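What follows is a short report on a single structure.
Only a predicted model underlies this, so the values are computations on that prediction, with no experimental measurement involved. Below, all heavy atoms of this structure are taken into account, side chains as well, without hydrogens, waters or symmetry copies.
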Amino acid sequence: ASSNGRVAVVEWLAAHNAGNVNARHVPSGLTPLHAATQSHFVGASLLPIVRCLLRHGADPSLRDRSGNLALDLSRFDLPRSLGWADER
């Protein structure tokens, strides 16, 4: 739900403790916060999902198996999803 822009679903799951907001995808090590920040749902959907996950205890200091924070993934994905060139 966090990677598909499903704000209402993420809110409901988090509010009802229906999932671990820090659960990891095997084998990537991605958390729901990683998934939300690297999704292509920008603008109205992305920020509310990130805020919801953080409000419900998502840990922004967790790293995936490649050593990336959710913030690191957002830096790579957001410019591409907005049509910006990678400036590195």
Side-chain angles (χ1 to χ4, degrees):
S2 61
S3 64
N4 292 323
R6 308 279 186 183
V7 180
V9 174
V10 172
E11 280 285 353
W12 189 91
L13 290 170
H16 291 88
N17 294 321
N20 177 356
V21 294
N22 291 309
R24 292 182 179 268
H25 175 263
V26 178
S28 68
L30 295 175
T31 65
L33 189 58
H34 284 92
T37 59
Q38 95 178 106
S39 78
H40 292 284
F41 293 92
V42 294
S45 298
L46 177 64
L47 192 54
I49 289 174
V50 170
R51 285 182 177 154
C52 173
L53 291 168
L54 292 171
R55 239 187 356 264
H56 288 281
D59 185 350
S61 69
L62 295 178
R63 295 182 182 273
D64 65 12
R65 294 209 188 268
S66 297
N68 295 307
L69 299 169
L71 181 60
D72 297 329
L73 296 180
S74 71
R75 289 180 187 148
F76 295 123
D77 206 50
L78 189 56
R80 279 196 301 268
S81 66
L82 294 174
W84 301 340
D86 189 357
E87 297 181 16
R88 290 187 289 143

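Remark: the backbone N or O of Thr31 is not paired with any side-chain donor or acceptor of Asn22 at under 3.5 angstrom. In this structure, His56 contributes its side chain and Leu13 its backbone to no donor-acceptor pair below 3.5 Å. Not a single donor-acceptor pair under 3.5 Å links the side chain of Thr37 to the backbone N or O of Leu73.
In the hydrophobic cluster analysis, where Ile, Leu, Val, Met, Phe, Trp and Tyr join through side-chain heavy atoms closer than 4.5 angstrom, Leu33 is grouped apart from Leu62.
How far CG of Leu30 is from CZ of Arg24: 9.0 Å, rounded to the nearest 0.5 Å. Within the model, atoms CG of Asp64 and NE2 of His25 stand 11.5 Å from one another, a figure rounded to the nearest 0.5 Å.
Judged as a salt bridge (charged side-chain N to carboxylate O under 4.0 Å, His left out), and not counting sequence neighbours, the contacts of Arg55 are Glu11. Partners of Ser61 under the side chain to side chain contact (heavy atoms under 4.5 Å, CB included) rule, at least two apart in sequence or in another chain, are Asp59.
Closest of all the heavy-atom pairs between Ala23 and Pro32 is O-CD, 3.2 Å. Nearest heavy atom pair, residue Val21 against residue Gly57, reads CG2-C, 3.6 Å. Taking both residues in full, the closest heavy atoms of His34 and Leu69 are given as NE2-C, 3.6 Å, listed atom of the first, atom of the second, then distance. The two residues Ala36 and Leu53 come nearest to each other via the heavy atoms CB-CD1, 4.1 Å.
For Arg51, the CZ atom sits in a loose shell: 12 or fewer heavy atoms of surrounding residues, nucleotides or ligands are nearer than 6.0 Å.
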